Amino acid sequence: MGRKFDTEAVSFGEEGATERDAGDVVLPIHVSSTFATDGIDPDASLEGLDPGAGEFLYTRLSNPTRHAVEERLAALEGGEHGFAFASGTSAIAAAVLATVRPGDHVVAFDDLYGGTRAMFTEVLAGRLGIDVSFVDARNPAAVEDALRPETALIWLETPTNPLLKLCDVEAIAAIADDAGVTLGVDNTFASPYFQRPLDLGADLVAQSTTKFLNGHSDSLGGALITGDDDLAEEIEFLQTVGLGNVLSPFDAFLVLRGTKTLPMRMDRHEENALVLAQRLEEHDLVTAVHYPGLPSHPQHDLARRQMSGFGGVLSFELTGGLEAVEAFLDGLAEFSLAVSLGGVESLIEHPASMTHSTVPPEERDAIGISDSLLRVSVGVEHADDLLADVERGLERVSSTIEPPA
């Protein structure tokens, strides 16, 4: 029987750290851009180096610190191959470029992070000749109906940003497999602690390591994990040669550090998020709460089936439109108004004017992103303090607008 997730999160990829040089318990940050070799190899190439055997040549190709985090993330997601990039967006771009060519077709969830949606519409469809169909992937049949002979990729987020919608990964994986189409899943909101899409049949998993994996809002990065050798070869070429986009050694160190506390943090994020979601759901000024841990969530049963926990992000809608949103935000003291998520501190943002401002208003309306929607990344502070802050915000709304009839 293999080691448990909590143990892998602490030490996988760093087991040899105590054998190096001064006996470091923590893997050193290898900042060198190049590495000395013992001699020349007439048959060597810049591709296909095996960093596991200590064959480091140039940090863009492989770096000991980055290699360690790539190994750890692959282990945590249940994959064989991990690749760390400079951002989550660059990781998704590499995933797409590894799987599609001009003239191909992509089926994507219509409720994606605004930056990913803009990439698909403005870059893939607008500049590279790749057709993209956005569908409500909560219904696997909608995904299947959108497939064409030229479909090469299905791209999902689950839970989604910012409405916390879910996809049935196992059902869609079966559809993709029957059609010979690659299935990629952005697993950022759940993290591998609460969900492992590869175990459910996905071919490829993306992570914004900036978020829960790092967990401290001080590192920017992304990752791709797969168990498919051929797909891994394509991604490796794009990472090191085709795009040259890699995670820096220092950021790799920060993600390695972050994963060590991932299990404890995720448990606390979930605990606090559920408390807030339950309180918000009870309030007269709140018209909707989106959190898969609530029995009222339309896909609560699916969440219980394919996730081991419900995560630390929720969104909710206030009565009173923008006036209510502004009043609520003005009343907060503990929550910072900021984009991003997954850090130990609690953050709140307004999707329509912040993370999803690049999505045209008519498309936001179609998806369900209203001006009244707020997204919360619930931190690990004491739940009582967070609840008190939410109450202050709701009191400010109450004193600003007339209550609903």
Side-chain angles (χ1 to χ4, degrees), residues 109-118 121-122 134 136 157 159-165 188-189 211 217 272-273 275-292 294 296-298 311-343 345-379 381 385-405:
F109 203 163
D110 59 8
D111 184 20
L112 296 177
Y113 163 59
T116 302
R117 190 177 177 108
T121 55
E122 301 299 322
F134 292 101
D136 186 348
E157 285 180 16
T160 63
N161 182 4
L163 292 170
L164 286 300
K165 300 174 184 176
T188 296
F189 266 39
K211 311 303 192 297
S217 301
N272 284 351
V275 169
L276 290 187
Q278 290 170 336
R279 176 63 188 113
L280 288 166
E281 192 173 44
E282 296 169 351
H283 204 282
D284 291 341
L285 291 174
V286 178
T287 59
V289 180
H290 310 286
Y291 183 65
L294 292 174
S296 59
H297 190 286
V313 182
L314 62 89
S315 60
F316 66 98
E317 299 174 54
L318 288 167
T319 187
L322 276 175
E323 183 183 9
V325 165
E326 291 174 346
F328 181 83
L329 294 174
D330 285 344
L332 299 178
E334 301 294 342
F335 291 82
S336 296
L337 178 61
V339 297
S340 198
L341 57 104
E345 66 288 314
S346 291
L347 304 177
I348 190 166
E349 67 103 9
H350 182 237
S353 65
M354 297 172 75
T355 55
H356 289 67
S357 61
T358 58
V359 180
E362 63 275 10
E363 293 183 18
R364 290 201 301 268
D365 290 342
I367 299 166
I369 300 175
S370 69
D371 287 344
S372 301
L373 182 72
L374 288 164
R375 189 196 73 190
V376 184
S377 175
V378 186
E381 304 94 339
D385 294 326
L386 298 180
L387 277 172
D389 208 35
V390 166
E391 294 292 349
R392 279 191 292 270
L394 292 169
E395 288 171 9
R396 182 67 63 87
V397 176
S398 213
S399 64
T400 304
I401 67 169
E402 295 183 8

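Just so it is clear, the model here is predicted, and its values are computed rather than measured.
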Between Glu317 and His290, does any side-chain donor sit less than 3.5 Å from a side-chain acceptor?
yes
Rounding to 0.5 Å, atoms CZ (Phe109) and CG (Asp136) come to a distance of 5.5 Å
To the nearest 0.5 Å, what is the distance between CE on Met354 and CG on Leu374?
10.0 Å
Taking the side chain as every heavy atom from C-beta outward, state whether Leu387 and Leu276 have any atom pair closer than 4.5 Å.
yes
One should read off an interatomic distance between Lys165 NZ and Asp111 CG, to the nearest 0.5 angstrom, of 4.5 Å
With a 3.5 Å distance limit and no angle check, can you tell me whether Ser377 reaches the backbone of Leu347 through a side-chain donor-acceptor pair?
no
Scanning both residues in full, the closest heavy-atom pair of Gly312 with Ala273 reads CA-CB, 4.0 Å
Trace of the salt bridge (charged side-chain N to carboxylate O under 4.0 Å, His left out) decision for Glu395 with Arg392:
CA-CA 5 Å; Glu395 288 171 9; Arg392 279 191 292 270; over 6 Å; no
Could you check whether any side-chain N or O of Thr358 sits under 3.5 Å from a backbone N or O of Ala118, counting only pairs where one atom can act as donor and the other as acceptor?
no
Check: Ser346/Glu381 side-chain N/O donor and acceptor closer than 3.5 Å
yes
Looking only at heavy atoms, what is the nearest atom pair of Leu285 and Ser398, with distance?
CD1-N, 3.8 Å
Closer than 3.5 angstrom, by distance alone: can the side chain of His350 be matched with the main-chain N or O of Leu337 as a donor-acceptor pair?
no
Is there a side-chain contact between Val289 and Gln278, using heavy atoms and a 4.5 Å cut-off?
no
I need the Ile348 CD1 to Phe328 CZ distance, nearest 0.5 Å.
4.5 Å
Give the C-alpha distance, both sets of side-chain angles, the deciding distance and a yes or no for side-chain contact (heavy atoms from CB on, under 4.5 Å) between Phe335 and Leu329.
CA-CA 9 Å; Phe335 291 82; Leu329 294 174; over 6 Å; no
Minimum heavy-atom distance Ala324-Thr319, with the two atoms named
CB-O, 3.0 Å
Measuring from atom OG1 of Thr287 to atom CG of Leu280, what distance do you get when rounded to the nearest 0.5 angstrom?
11.0 Å
Does Leu394 reach the side chain of Leu318, with side-chain heavy atoms less than 4.5 Å apart?
yes
Pairwise side-chain contact, Val275 with Val378, heavy-atom cut-off 4.5 Å (strictly under):
no
Taking the side chain as C-beta and beyond, is there a heavy-atom pair between Val325 and Asp371 under 4.5 Å?
no
Taking atom types as modelled, is there a side-chain donor on Glu345 or Ser336 under 3.5 Å from an acceptor on the other?
no
Minimum heavy-atom distance between Gly343 and Ser217, given as atom pair plus value:
CA-OG, 3.8 Å
Okay, side chain of Asn272, backbone of Gly379: is any donor-acceptor separation there less than 3.5 Å?
yes
Rounded to the nearest 0.5 angstrom, the CG-OG1 distance for Asp330 and Thr400 is 8.0 Å
So which atom in Tyr113 and which in Thr355 form the shortest heavy-atom distance, rounded to 0.1 Å?
CE1-O, 4.1 Å
Heavy-atom distance under 4.5 Å between the side chains of Arg375 and Leu341, does that happen here?
yes
Mind jotting down which residue pairs meet the salt bridge (Lys or Arg N to Asp or Glu O under 4.0 Å) criterion with at least one end in residues 354-366? Sequence neighbours excluded, please.
Arg117-Glu363
Is there a side-chain contact between Glu281 and Tyr291, using heavy atoms and a 4.5 Å cut-off?
no
Given side chains that start at C-beta, do those of Val359 and Thr121 come closer than 4.5 Å, heavy atoms only?
no
Quick one: does Asp389's side chain have a donor or acceptor within less than 3.5 Å of a partner on Ala333's backbone?
yes
I'd like to check the salt bridge (charged side-chain N to carboxylate O under 4.0 Å, His left out) partners of Glu157; sequence neighbours left out, ordered by chain and number.
none
